[in-house]
Amino acid sequence: MATTATLMRRAMSKLFRLNTTATLATMSGSPVQDGQVVDARTVDNQDMTSGLGEHPQTISDAPAEKGKPLAPQGRTQGDSNESESMGAAPKSGPSSPVSDAPPSPSALSSTSSSSSGSDMPPSVLKPSGDLLQPLKAKGWSFTKSKWISKYRCDKEIPTELRLLTWNIDFTGPDSRSRTQQILLYLQKTVLSRTPPPSCILLQEVDTWSLNTLIFNPWVRKHYVMTPPTTEPWRAHYGNVTLVSRSIPFEKPQMLVFHNSTMGRTAIFVDIPIRSPTTGKVRTVRIANTHLESLPVGTKMRPTQLAAIAAMLRADGIDGGVVGGDMNMIGDTADQNIHIAAGLDDACLFPHDPANHTWGYQPPSQFPPRRLDRVFFTGEKIVVESPEVIGKGLRTAQGQWASDHCGLSTTVSFTD
C-alpha cells in the first residue's frame with residue numbers, strides 16, 4: 001500500500017495539473033455576444049495546450065471524389081470505395097507512425113481537417129455563455145488505411161444499446177499501456193471481440209491514450225470516434241466517444257462549459273433505437289461528460305449538469321442519457337444536482353459501497369466515492385442499473401489501469 005506521503009504527492013500532482021488546465025482554459029480570443037454564431041474553424045484552431053502535453057498523429061480526411069460531395073457531418077454514410085468484408089484484418093497504420101515526438105500544435109492545426117471544411121456548420125454561443133460546436137466523427141477505412149469521415153456503415157438500427165463510461169486517468173504513468181489494457185478488458189470481458197451495438201464514453205483521454213485508440217485494431221474494426229483529434233479539447237486531455245460503426249448515429253457535437261476553469265465539456269451523439277415489437281424508431285441523445293473537479297468545482301457542477309439536461313430534452317429527442325465522471329463529492333446539495341436538473345439516477349442502490357467507482361485504485365486517504373454515474377430523462381426510456389467494471393484491473397507491469405472503475409449499462413425504449 002502506498003504511504004501517506006506518496007498519496008499526498010499524487011493528489012497534489014493532480015491538483016497542480018487541474019489548476020494548470022484552468023489557466024489554459026481561460027485562453028480565448030475576442031469576446032462574443034450571446035447568441036452570436038462563431039466560426040468553428042476559428043474556435044477549434046486555438047492552441048489550448050500552450051506546450052503542455054503533445055498532440056497525437058493527425059487523422060486527416062480522405063479526399064472527396066471529383067464532383068462528388070462528402071457525406072454531411074454526423075451522417076454515417078458508407079465509403080463508396082469500401083467493398084471488402086468488415087471481418088478483414090486491418091492493414092498497417094498511417095504512413096507516418098506516431099513517435100515520441102508528435103507534430104507541434106501549430107503543425108496539427110495547419111494540417112488537420114477535423115475542424116475545417118464547408119460541410120461543418122458553425123459553432124453557436126448559447127445565451128448561457130456555453131459554446132455548442134459541431135464535431136467530426138471518423139471511422140477506419142480498410143481500403144485507404146486511414147481514418148475518414150465517409151466510412152462504411154451497415155445502418156442497422158439496434159433494439160438496445162450497451163453504454164459504457166470510464167475515466168481512464170490522464171495523471172497516471174504510461175497512459176498508452178493502461179488504455180490498451182482497458183480496451184483488452186472490454187474486448188475479452190465486458191463486450192466481446194465482436195461487440196454488440198454499443199457506445200463507449202471515455203474521459204481524461206490524453207494524447208497518448210488517444211493514439212492508442214487510433215491504432216487499436218478492435219477499435220478500428222468496430223467503432224467510430226468523435227472527436228478524432230485533440231483540437232476540440234480545451235485542455236491537454238479531454239473526452240472521446242466511440243460508437244459502433246453499424247449504428248447510423250447523427251449530430252456529434254460538443255458543449256463547452258462557460259464556467260469551467262478546467263476546460264470541461266460534454267460530447268453528444270444522437271442514436272436511433274428500434275422497438276423489437278412495434279418497429280417504432282426513437283432517438284436517444286447520449287452525453288459524455290466530465291464535470292468540474294474538487295471542492296472548488298462545487299458551484300460549477302450544478303450549472304454544467306443543468307446545461308447537459310437541457311440538451312437531452314431538446315426537440316426531436318425521445319430520451320437522453322448522460323454518463324461520466326460527475327465529481328459529486330460535496331454535501332447533500334452536491335449529491336442532488338441531478339434532481340435539480342430533472343434527471344433520474346440509473347443506479348438502484350446509490351448508497352451501496354459496491355457501486356463506488358473511485359478510492360480503491362490505489363487505496364486513498366480520502367473515502368471511496370461513487371464519482372462516476374449515469375443519469376437519464378424521458379418517459380419511455382429504460383436504463384438498467386449500471387454495473388461497476390474494471391475493479392482491480394492492472395497492466396502487465398502491475399500499474400492500475402485507472403484510478404476509476406468503469407460503468408456498464410443497457411439503454412432501450414418501452415413500446
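If you're wondering where the values come from, they're calculated on a predicted model, not measured in any experiment.
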Under the 3.5 angstrom rule, does the side chain of [X] hit a backbone N or O of [Y] as a donor-acceptor pair?
X: Trp400; Y: Leu393; value: no
X: Thr241; Y: Leu201; value: no
X: Asn288; Y: Val240; value: yes
X: Ser260; Y: Glu292; value: no
X: Gln335; Y: Met328; value: yes
X: Arg245; Y: Trp140; value: yes

Which heavy-atom pair separates [X] from [Y] by the least distance, and what is that distance?
X: Thr159; Y: Ile273; answer: O-CG2, 3.4 Å
X: Cys199; Y: Val269; answer: SG-CG2, 4.5 Å
X: Glu160; Y: Ser412; answer: CB-CB, 4.1 Å
X: Thr207; Y: Trp233; answer: N-CZ3, 4.2 Å
X: Pro197; Y: Ile247; answer: CB-CD1, 3.9 Å
X: Thr165; Y: Gln203; answer: OG1-NE2, 3.0 Å

Is any side-chain heavy atom of [X] less than 4.5 Å from a side-chain heavy atom of [Y]?
X: Cys347; Y: Val374; result: no
X: Ser293; Y: Arg264; result: yes
X: Ser149; Y: Lys138; result: yes
X: Arg234; Y: Val256; result: yes
X: Ser177; Y: Thr212; result: no
X: Leu164; Y: Leu191; result: yes
X: Leu132; Y: Met311; result: yes
X: His404; Y: Asp325; result: yes

According to salt bridge (charged side-chain N to carboxylate O under 4.0 Å, His left out), who are the partners of Arg178, at least two apart in sequence or on a separate chain?
none
Asp345: which residues meet the salt bridge (charged side-chain N to carboxylate O under 4.0 Å, His left out) condition with it, sequence neighbours left out?
Arg370
What pairs of donor and acceptor atoms, side-chain ones from residues 381-391 against any protein atom, are under 3.5 angstrom apart with sequence neighbours left out?
| from | atom 1 | to | atom 2 | distance (Å) |
| --- | --- | --- | --- | --- |
| Ser385 | OG | Leu348 | N | 3.0 |
| Lys391 | NZ | Ala354 | O | 3.2 |

Output all residues satisfying side-chain hydrogen bond (donor to acceptor under 3.5 Å, both in side chains) with [X], sequence neighbours left out; order by chain, then residue number.
X: Asn355; value: none
X: Ser175; value: Asp206
X: Asn259; value: Gln304

Would you give the length of the straight line joining atom CZ of Arg220 to atom CH2 of Trp147, rounded to the nearest 0.5 angstrom?
7.0 Å
Donor + acceptor pair across side chains of [X], [Y] (<3.5 Å):
X: Ser244; Y: Ser246; answer: no
X: Thr357; Y: Asp372; answer: yes
X: Thr298; Y: Arg301; answer: yes
X: Asn239; Y: His290; answer: no
X: Thr277; Y: Ser275; answer: yes
X: Asn167; Y: Glu204; answer: yes
X: Arg162; Y: Thr409; answer: no

Would you call the rings of Tyr237 and Phe170 parallel, tilted or perpendicular, where under 30° means parallel and over 60° means perpendicular?
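Tyr237 and Phe170: parallel rings.
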Kindly confirm or rule out a cation-pi arrangement of Arg369 over Trp358, judged by NZ or CZ under 6.0 Å from the six-membered ring centre and within 45° of its axis?
no
Assert yes or no for the condition that the ring centre distance of Tyr223 to Trp218 is strictly below 6.0 Å.
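Here the rings of Trp218 and Tyr223 have centres that are less than 6.0 Å from each other.
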Quick one: side-chain contact (heavy atoms from CB on, under 4.5 Å) partners of [X], sequence neighbours excluded?
X: Asp318; answer: Arg282, Thr283, Phe413
X: Ala309; answer: Arg313, Ala341, Leu343
X: Pro353; answer: His356
X: Ala314; answer: Arg285, Ile317

State whether Asp415 and Lys280 are salt-bridged, where the test is any N-O pair (Lys NZ or Arg NE/NH1/NH2 against Asp/Glu carboxylate O) under 4.0 Å.
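No salt bridge links Asp415 with Lys280.
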Ile168, Ile200, Asn216 screened by side chain to side chain contact (heavy atoms under 4.5 Å, CB included) with Leu183, the one that passes:
Asn216
Within a reach of under 6.0 Å around CD of Gln397, are more than 12 heavy atoms found that belong to other residues, nucleotides or ligands?
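Check passes, neighbour count above 12.
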Start with the C-alpha distance between Ser192 and Thr194, add both sets of side-chain angles, then the distance that settles side chain to side chain donor-acceptor pair (under 3.5 Å), and finish with yes or no.
CA-CA 5 Å; Ser192 73; Thr194 305; 5.3 Å; no
Could you list the residues that satisfy ring-ring contact (aromatic ring centres under 6.0 Å, His included) with Phe375, not counting sequence neighbours?
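Checked Phe375 against ring-ring contact (aromatic ring centres under 6.0 Å, His included); matches are His338.
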With sequence neighbours excluded, give me every salt bridge (Lys or Arg N to Asp or Glu O under 4.0 Å) pair touching residues 347-366.
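Pairs touching residues 347-366 that pass the test: none.
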